[in-house]
Protein chains: 2
Amino acid sequence: MADEIGFEQTTPSKLAQRFGVRTASLYSHVKNAHDLKTKIALLSLEELADRVSAAVAGRAGKDALIAFADAYRDYALEHPGRFTATQFRLSPEAAVASAGVRHAQMARAMLRQYDLTEPHQTHAVRLLGSVFSGFVGLETAGGFSHSAPDAQETWTEILNALDSLLRTWPATS
Amino acid sequence: MADEIGFEQTTPSKLAQRFGVRTASLYSHVKNAHDLKTKIALLSLEELADRVSAAVAGRAGKDALIAFADAYRDYALEHPGRFTATQFRLSPEAAVASAGVRHAQMARAMLRQYDLTEPHQTHAVRLLGSVFSGFVGLETAGGFSHSAPDAQETWTEILNALDSLLRTWPATS
DNA sequence: GTAAGTTGCCTAATATAATTAGGTAACTCT
DNA sequence: AGAGTTACCTAATTATATTAGGCAACTTAC
């Protein structure tokens with residue numbers, strides 16, 4: 001439903017309408033409207049982590065980087081509402097219990113081939129997270145739709161650039 | 001008000017309360033709740049563009065890159081609600097009339113020293129946009145707050161890396 | 001300096017949403 | 001068969017968004 005009408009529009013009353021039940025009945029299942037959004041966010045984070053995990057399995061180096069990045073972007077393009085949900089600001093308690101932790105671990109695992117030592121590895125994880133979420137956020141917001149070249153081309157270029165950057169990261173400091 | 005209570009919480013009724021007027025009175029000034037958010041977004045985009053423009057003036061190359069990036073990040077950290085507003089999804093008509101256009105022009109101007117030809121320049125503009133908005137989005141969402149090193153250190157590292165990347169961009173394709 | 005228009009607010013009314021409280025029928029488990 | 005649980009219900013309250021129509025103060029033109 002979030003993918004169809006948008007994450008922000010996914011409210012208790014709309015959800016109840018879709019289920020064919022009274023709105024009040026939902027309150028046995030979720031605490032309130034905010035809790036509903038939190039649950040969608042947690043679900044989406046797990047789902048995305050599963051996708052990324054499957055995509056990266058058995059790959060290494062640049063192959064793994066591309067698989068990771070594409071899994072992330074494809075999820076966002078296929079499930080815009082759920083992707084928006086993954087950016088929902090969770091409470092600190094919800095955040096630590098979320099699959100956000102898995103995402104960070106997967107990013108670290110993927111970087112293994114690049115032989116980065118701390119603190120470079122942490123910087124690299126943060127850079128990748130920034131680029132992926134930033135690019136996909138701008139793309140789904142329509143930021144690249146009114147100009148050539150198309151988004152896919154830039155995406156490929158960026159992944160090439162990130163790969164070559166990661167190979168030489170410590171040297172750039 | 002958006003900075004204090006959050007952009008999403010900035011509604012006609014809350015705004016009317018703060019002004020000490022009836023909610024209905026606001027409807028002489030904004031068309032509806034969505035229009036209010038659009039106006040905040042447009043205002044914030046202008047303000048951010050002014051800041052970036054002032055920061056970049058008289059600088060070139062890496063100096064300009066850092067000034068641009070810091071202006072962007074500082075605005076977000078100082079005005080979280082307004083920064084969130086700059087990410088509000090505008091209608092296509094509002095988008096083309098917004099300062100979003102100025103942002104793209106400033107990015108291109110800043111890249112002048114890096115001697116990028118098309119389509120590399122467009123790719124570079126998009127990469128910078130992705131990194132800046134992605135990093136600041138994650139930072140303000142608390143994504144970096146529970147681990148060392150601190151966000152500032154990663155930010156500096158990322159800007160160094162971007163500078164060296166831009167110098168050699170066409171070669172990485 | 002007054003008349004006409006404009007501005008910025010008001011009250012009143014309606015529709016939609018979120019939320020709480022308390023109840024009931026069906027299902028599950030002993 | 002009875003106790004507990006589940007998943008819904010109705011009813012009521014509150015908050016919010018929105019529209020319509022009115023009024024008083026201010027501005028501007030003659």
Side-chain angles (χ1 to χ4, degrees), chain A residues 1-47 79-95 97-98 100 140-142, chain B residues 1-47 79-95 97-98 100 140-142:
Chain A
M1 179 167 155
D3 293 332
E4 288 172 29
I5 67 173
F7 178 63
E8 289 306 327
Q9 317 305 317
T10 303
T11 58
S13 73
K14 299 262 184 61
L15 185 58
Q17 276 175 32
R18 165 164 306 215
F19 279 145
V21 300
R22 297 309 188 120
T23 306
S25 305
L26 289 190
Y27 285 76
S28 310
H29 305 278
V30 298
K31 208 160 81 248
N32 51 39
H34 187 269
D35 181 47
L36 171 62
K37 289 197 176 153
T38 296
K39 283 180 159 63
I40 298 172
L42 293 175
L43 177 75
S44 304
L45 283 168
E46 291 284 354
E47 199 172 30
H79 307 296
R82 273 174 270 185
F83 173 70
T84 302
T86 66
Q87 303 183 320
F88 184 65
R89 194 156 181 160
L90 296 171
S91 70
E93 313 86 64
S98 78
T140 57
Chain B
M1 179 167 157
D3 293 332
E4 288 172 30
I5 68 173
F7 177 63
E8 289 306 327
Q9 317 305 318
T10 303
T11 58
S13 73
K14 298 263 183 61
L15 185 58
Q17 276 176 33
R18 166 166 306 217
F19 279 143
V21 301
R22 298 308 187 124
T23 305
S25 306
L26 289 190
Y27 284 77
S28 310
H29 306 278
V30 298
K31 210 161 80 249
N32 51 39
H34 186 269
D35 181 47
L36 171 62
K37 289 197 176 154
T38 296
K39 283 180 158 62
I40 298 171
L42 293 175
L43 176 76
S44 304
L45 282 168
E46 290 286 354
E47 198 172 31
H79 308 296
R82 274 174 269 186
F83 173 69
T84 302
T86 65
Q87 302 183 322
F88 184 65
R89 193 161 182 156
L90 295 172
S91 70
E93 314 85 66
S98 78
T140 56

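Naming: A, B, ... by sequence-line order, numbering from 1 per chain. The figures here come from the full heavy-atom set of this structure, side chains too, leaving out hydrogens, waters and symmetry mates. Computed from a predicted structure; not experimentally measured.
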Novice: Atom CD of A/Q9 and atom P of C/dA17: how far apart are they, to the nearest Å?
Specialist: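 One finds 10 Å between P of C/dA17 and CD of A/Q9, rounded.
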
Novice: Which nucleotide in the list C/dC10, D/dA17, D/dT16 gets nearest to the side chain of B/K14?
Specialist: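 Looking only at side-chain atoms, B/K14 lies closest to D/dT16.
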
Novice: Angle between ring planes, A/F88 versus A/H34, binned at 30° and 60°: parallel, tilted or perpendicular?
Specialist: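 Because their plane-to-plane angle lies in the 30° to 60° range, the rings of A/F88 and A/H34 count as tilted.
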
Novice: Is B/T23 close enough to D/dT16 that one of its side-chain N or O atoms is under 4.0 Å from OP1 or OP2 there?
Specialist: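 Checking B/T23 against D/dT16: no side-chain N or O falls below 4.0 Å of OP1 or OP2.
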
Novice: Output the rounded distance in Å from CG (B/L15) to C1' (C/dG8).
Specialist: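 Spelled out: CG on B/L15 to C1' on C/dG8 is 14 Å.
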
Novice: Does the side chain of A/R18 come within less than 4.5 Å of A/E4's, by heavy atoms?
Specialist: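 The answer is yes, as the side chains (C-beta and beyond) meet within the 4.5 Å cut-off.
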
Novice: Compare the minimum distances between each of C/dA12, C/dA18, C/dT20 and the side chain of B/A24, then state the nucleotide with the smallest one.
Specialist: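 My answer, after comparing the listed nucleotides, is C/dA12.
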
Novice: Which listed nucleotide (C/dA18, C/dT19, D/dT16) is nearest to the side chain of A/N32?
Specialist: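 For A/N32, the side-chain atoms sit closest to C/dT19.
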
Novice: Ignoring backbone atoms, establish whether A/R22 has a side-chain N or O less than 4.0 Å from OP1 or OP2 of D/dC8.
Specialist: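 Indeed not, no polar side-chain atom of A/R22 lies that close.
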
Novice: Which nucleotide sits closest to the side chain of A/T11: C/dA18, D/dT10, D/dT19?
Specialist: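 Nearest nucleotide to the side chain: C/dA18.
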
Novice: Which heavy atom of A/S98 sits nearest to which heavy atom of A/A95, and what is that distance?
Specialist: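 Of all heavy-atom pairs spanning A/S98 and A/A95, the closest is OG-O, 2.7 Å.
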
Novice: Rounding to an integer number of Å, can you tell me how far A/L26 CG sits from D/dT10 C1'?
Specialist: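 Interatomic distance, CG of A/L26 to C1' of D/dT10: 15 Å.
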
Novice: Over all strands shown, is B/S28 touching base, sugar-phosphate only, or nothing at heavy-atom distances under 4.0 angstrom?
Specialist: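 Base, at least one base atom sits under 4.0 Å.
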
Novice: Do the side-chain N or O atoms of A/H34 get closer than 4.0 angstrom to the phosphate oxygens (OP1, OP2) of C/dA18?
Specialist: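 No, A/H34 has no side-chain N/O under 4.0 Å of OP1/OP2 on C/dA18.
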
Novice: Would you indicate, yes or no, if C/dC10 has its OP1 or OP2 atom less than 4.0 angstrom from a side-chain nitrogen or oxygen of B/S25?
Specialist: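 Yes.
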
Novice: Can you confirm whether B/P12 sits close enough to B/L36 that some side-chain heavy atom of one is under 4.5 Å from a side-chain heavy atom of the other?
Specialist: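 Of all side-chain heavy-atom pairs linking B/L36 with B/P12, at least one is under 4.5 Å.
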
Novice: So, OP1 or OP2 of C/dC9: does either fall under 4.0 Å of a side-chain N or O from B/H29?
Specialist: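 It does, given that an N or O in the side chain of B/H29 lies less than 4.0 Å from OP1 or OP2 of C/dC9.
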
Novice: Rounded to whole Å, how long is the line connecting atom CG of A/D35 with atom P of C/dT20?
Specialist: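 So the CG-P distance, A/D35 to C/dT20, works out to 11 Å.
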
Novice: What's the closest nucleotide to the A/S13 side chain, out of D/dC8, C/dA12, C/dA17?
Specialist: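 Of the options given, the side chain of A/S13 lies nearest C/dA17.
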
Novice: Measure the distance from CD on B/Q17 to P on D/dA15 and round it to the nearest whole Å.
Specialist: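 For the pair B/Q17 CD and D/dA15 P, the rounded distance is 9 Å.
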
Novice: Ignoring hydrogens and geometry, is there a side-chain-to-backbone donor-acceptor pair from B/R89 to A/T140 under 3.5 Å?
Specialist: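 Flag set: sc B/R89 to bb A/T140 pair under 3.5 Å.
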
Novice: Would you indicate which nucleotide in C/dT19, D/dT18, C/dC9 comes nearest to any side-chain atom of B/V21?
Specialist: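 Given the options C/dT19, D/dT18, C/dC9, the side chain of B/V21 is closest to C/dC9.
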
Novice: Would you mind reading off the distance between A/Y27 atom OH and D/dA12 atom C1', rounded to a whole angstrom?
Specialist: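 A/Y27 atom OH is separated from D/dA12 atom C1' by 14 Å.
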
